[in-house]
Colleague: 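One structure is given below, represented as structure tokens, and several questions about it will come after.
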Amino acid sequence: MFEETEGAVYGYRCTACNELHYPKHQVCRACAGREFEEFPLEGEATLVTWTKLYNLPEGYMKPYLYFGIVAYGNGIRAAGQLEVSSPRLGMKVATTTGLVKEGGKDDVIGLIYR
Amino acid sequence: MAIDKTEQMLRPQESPLAPYEAKYITLANGQKLVVHQLKREQAPLAMEAVKPLMTVEADFYDIVASRVYAELLGWYRYRVKDEYLLAGTIDGVIVGLVNGRTIDDKVGLSYHTITLRQGLRIGAQLFAAKMEYHFDVLGQEEVWIVAESPNGFKRWMIEYELEPRPEQWHELGGVPTYVLTRALWEKHRQAKCTGRRPVPQELLETASQLILPESYAQIPGYQRSV
Amino acid sequence: MREVGIVGIGHTKFGRSKTGYIEMACAAALEALDDAGVKPLAGHGIDQVLLATMGASMINHQSSVASALVDTLNLRPAMAETVENGPASGASAIKMGYSLIASGMADTVLVIGAEMMRVVSGWEGTDFVATMLHPEAEYDLGLTLPALAGMFTRLVMDSYGVTERDLALVAVKNHQNALANPVAHIRLVPDLHAISEDEDKDAVNPYVAEPLRLYDVCPVSDGAAAVLLCALDVAERFPKKPIRIAGIGQATDTHTIAEREVPTDLYAVREAARQAYRMSGLCPDDIDVAELHDAFLILEIVESEEVGFFKRGEGHLAVREGKTSLGGQIPINTSGGLKAKGHPLGATGVSQTVEIVKQLRGEAQGRQVTDAQRGLLVNFGGFGNNVVALILEKEA
């Protein structure tokens with residue numbers, strides 16, 4: 001099931017004070033700045049928590065999916081789908097992106113941690 | 001009653017089916033669900049149990065109850081080949097039924113799962129027991145399944161990751177056929193199929209009373225006349 | 001500022017509604033008007049109607065429902081608005097009704113919470129509820145409320161030693177309470193051993209979002225509840241003694257849960273409760289009964305800590321010791337809670353208020369907390385990104 005990484009998911013750096021945000025905010029939480037530059041979420045991250053979700057919402061024809069929240073070294077925390085065989089808290093995972101939702105109006109590319 | 005020649009010709013050639021050994025499952029409220037096989041002569045009782053639901057439109061109970069009724073009648077009157085029926089009982093009261101038949105040694109055909117008492121995942125346990133019968137008792141290789149309600153579809157097709165095989169005709173007709181293969185059964189058995197054997201004698205005796213439900217949450221105000 | 005009290009309550013049986021949306025909402029409203037002795041004829045004296053709902057537009061395909069309710073209830077020309085604040089819509093609407101009365105804009109406000117979820121399938125409902133998550137960073141991934149709750153539960157278990165059995169203890173308690181509440185959705189008490197230890201547990205109480213199981217999650221329910229608010233200076237118009245709204249607090253938190261500074265905290269619950277205590281001049285020890293938003297059972301435990309009943313990380317110990325059961329130190333969710341009474345989103349905050357009013361009036365038959373004088377409720381929106389807390393007090 002390992003797919004080539006498609007697209008990218010971005011974090012946002014305040015151009016005034018360098019505070020990092022994910023997802024996008026309209027106003028910087030540190031300095032109230034309104035200009036941001038994008039940077040890709042990439043590389044290794046630490047698994048903060050995870051779940052195996054059953055009863056997926058309308059549109060998913062799978063019995064379950066794994067999800068996790070990860071922390072990057074730069075302080076960003078993000079949620080993504082998780083594709084590791086036996087997840088445990090504190091393990092290192094790699095950032096990839098891929099198809100996270102299909103069958104709707106548009107396919108959605110999002111974060112998948114492996 | 002003597003069976004005349006024409007009647008004899010109308011009756012299917014039955015294949016012997018290995019019996020399903022009764023088991024029991026402790027439900028969420030602590031009650032014991034006994035899953036056990038019913039004999040042909042008990043079919044009329046099972047038909048009485050589903051009959052009131054034939055008028056309940058919600059959750060497709062009308063379709064499922066009517067078809068189960070017809071399938072059991074067909075079995076009882078020798079018009080269906082190699083059919084079987086498993087019942088779930090709590091304190092002797094019938095709370096759910098599953099039935100099906102075999103096409104040949106290798107292939108099974110799932111008919112219906114009907115839950116009379118809702119809210120305790122009884123349908124899920126009975127469906128799993130039915131698959132256990134096909135694979136682990138009869139040693140079959142695959143079971144063909146169709147769903148008539150969205151709930152059924154979600155529960156069986158998605159949770160068991162059934163293989164779609166729309167080109168293969170299921171005798172219930174209508175919707176496309178899905179197949180539980182042995183490989184998929186092996187994958188999901190542990191999470192889905194539970195229960196203990198043997199059933200203690202006392203529990204089994206209570207189960208064999210086959211008491212008809214007094215009321216149905218699906219039919220407000222219904223009270224079985226005594 | 002004028003003081004505000006509650007002089008009428010109404011509540012439909014939660015579960016699967018047999019009527020349409022408007023009729024269901026009206027049933028609760030009429031019961032509240034009857035309870036308050038109000039006849040909906042000319043001179044009825046209702047100045048404002050507020051309807052709390054999260055899904056009337058999206059699920060039931062009806063908009064501007066408050067205006068429709070005013071007309072069909074014969075309450076014209078009362079002012080009317082629909083309030084949408086996710087699952088916290090109910091307590092939000094009560095807060096707004098309070099503000100209208102306190103400011104002098106109105107003397108009486110009828111607040112109705114109503115939600116009809118069971119007209120769509122469970123997975124459509126799950127999808128609808130998930131639309132309150134962050135569109136790109138959460139919803140698009142397939143995340144749902146149970147998924148966030150599962151991840152939150154794992155963190156709390158890891159940090160404080162909460163076990164699956166602790167959650168099952170809360171389930172048994174709340175289902176037991178619901179048996180004494182005639183309007184509760186689920187009338188079944190799970191067996192502690194069967195759902196937490198028995199070898200059949202994975203089949204009869206399967207995981208929904210690990211480590212959360214079926215019996216750790218509220219059902220999907222239809223239902224409506226209503227309360228009539230009035231200024232205390234006009235309360236003598238009504239037959240029943242008012243229950244005073246002593247404190248209100250509300251706070252918000254980050255939209256995505258990944259951004260929370262301390263991921264095991266429910267900051268908005270803590271802050272909303274702090275404000276409600278400050279406004280009322282009360283402290284956690286003064287509270288006799290509480291309704292906490294237990295859509296997922298871990299929330300009851302952590303909320304019981306965030307509102308100050310127990311120390312951080314000790315809420316589950318209190319459950320083990322029976323401190324949150326009827327007859328305990330602080331009975332929580334005597335109504336059965338969202339877990340067993342049901343959780344019709346927009347109705348929930350109003351329903352929690354109805355339960356506290358019943359407790360303070362001494363009308364909670366079979367689940368009455370002896371001599372209850374003050375009650376607290378927490379109505380939780382999103383996954384804790386918008387929380388309303390109310391404190392109600394019996395008038396001396």
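By convention in this document, chain letters (A, B, ...) are assigned in the order of the sequence lines, proteins followed by strands, and residues within each chain are numbered from 1.
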Colleague: Heavy-atom cut-off 4.5 Å, strictly under: side chain, backbone, both or neither for A:His25 against chain C?
Modeller: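 For A:His25, the side chain is the part near chain C, not the backbone.
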Colleague: Atom NE2 of C:His134 and atom NZ of A:Lys24: how far apart are they, to the nearest 0.5 Å?
Modeller: 10.5 Å
Colleague: Which atom names give the shortest non-hydrogen contact between C:Leu143 and A:Ala79, and what distance separates them?
Modeller: CD1-CB, 3.8 Å
Colleague: Within this structure, what is the CH2-CG distance for the pair C:Trp123 and A:Leu56, rounded to the nearest 0.5 Å?
Modeller: 12.0 Å
Colleague: Taking all heavy atoms of C:Leu141 and all of A:Gln81, pick out the closest pair and write down the distance.
Modeller: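 So the two residues come closest at O-NE2, 2.8 Å.
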Colleague: Sort C:Asp140 into side chain, backbone, both or neither according to what part of it lies under 4.5 angstrom from a heavy atom of chain A.
Modeller: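 Both backbone and side chain.
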Colleague: Counting heavy-atom pairs closer than 4.5 Å to chain A, which one of C:Asp127, C:Val129, C:Leu155 comes out on top?
Modeller: C:Leu155
Colleague: By a 4.5 Å heavy-atom criterion (distance strictly below it), what part of C:Ala137 contacts chain A: side chain, backbone, both, or neither?
Modeller: both
Colleague: Quick one: which residues of residues 336-346 of chain C reach chain A at under 4.5 angstrom, heavy atoms only?
Modeller: none
Colleague: Distance check, rounded to the nearest 0.5 Å: A:Ile69 atom CD1 versus C:Phe152 atom CZ?
Modeller: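 Going from the CD1 atom of A:Ile69 to the CZ atom of C:Phe152 covers 10.5 Å.
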Colleague: Using only heavy-atom distances, determine whether the side chains of A:Tyr22 and C:Glu259 contain a donor-acceptor pair under 3.5 Å.
Modeller: no
Colleague: Apply the test side chain to side chain contact (heavy atoms under 4.5 Å, CB included) to residues C:Glu210 and A:Tyr64: give CA-CA distance (whole Å), side-chain angles for both, the deciding distance (0.1 Å), then the verdict.
Modeller: CA-CA 11 Å; C:Glu210 290 182 14; A:Tyr64 52 79; over 6 Å; no
Colleague: Check this for me: A:Arg34, atom CZ, are more than 12 non-hydrogen atoms of other residues, nucleotides or ligands nearer than 6.0 Å?
Modeller: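 No - once you tally the heavy atoms of other residues, nucleotides and ligands closer than 6.0 Å, there are 12 at most.
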Colleague: Could you tell me whether a side-chain N or O of A:Arg77 sits under 3.5 Å from a main-chain N or O of C:Arg260, the two making a donor and an acceptor?
Modeller: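 Side chain of A:Arg77 to backbone of C:Arg260, a donor-acceptor pair under 3.5 Å: yes, one is there.
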Colleague: Please name the pair of heavy atoms, one in A:Pro57 and one in C:Thr144, separated by the smallest distance, quoted to 0.1 Å.
Modeller: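 Looking at all heavy atoms of both residues, the shortest contact is CD-CG2, 3.6 Å.
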Colleague: What are the two closest non-hydrogen atoms of A:Leu53 and C:Gly142, and how far apart are they?
Modeller: CD2-O, 4.0 Å
Colleague: Checking heavy atoms, do the side chain of C:Thr153, its backbone, both or neither come under 4.5 Å from chain A?
Modeller: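 Neither the backbone nor the side chain of C:Thr153 comes within 4.5 Å of chain A.
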Colleague: Throw together a table of side-chain donor-acceptor distances under 3.5 angstrom for residues 40-50 of chain A, partners on residues two or more places apart or in other chains.
Modeller:
residue: A:Thr46; atom: OG1; partner: A:Lys92; partner atom: NZ; Å: 2.9
residue: A:Thr49; atom: OG1; partner: C:Met151; partner atom: O; Å: 2.7

Colleague: Do A:Pro23 and C:Thr256 touch side chain to side chain, with heavy atoms closer than 4.5 Å?
Modeller: yes
Colleague: Would you indicate whether the side-chain heavy atoms of C:Val208 and A:Tyr54 approach each other to under 4.5 Å?
Modeller: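 A side-chain contact is absent here, since even the closest heavy-atom pair is not under 4.5 Å.
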Colleague: Around atom OH of A:Tyr72, are there more than 12 heavy atoms from other residues, nucleotides or ligands closer than 6.0 Å?
Modeller: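 Correct, the count exceeds 12.
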Colleague: Should C:Glu138 and A:Phe67 count as side-chain neighbours, where that means a heavy-atom distance under 4.5 Å?
Modeller: no
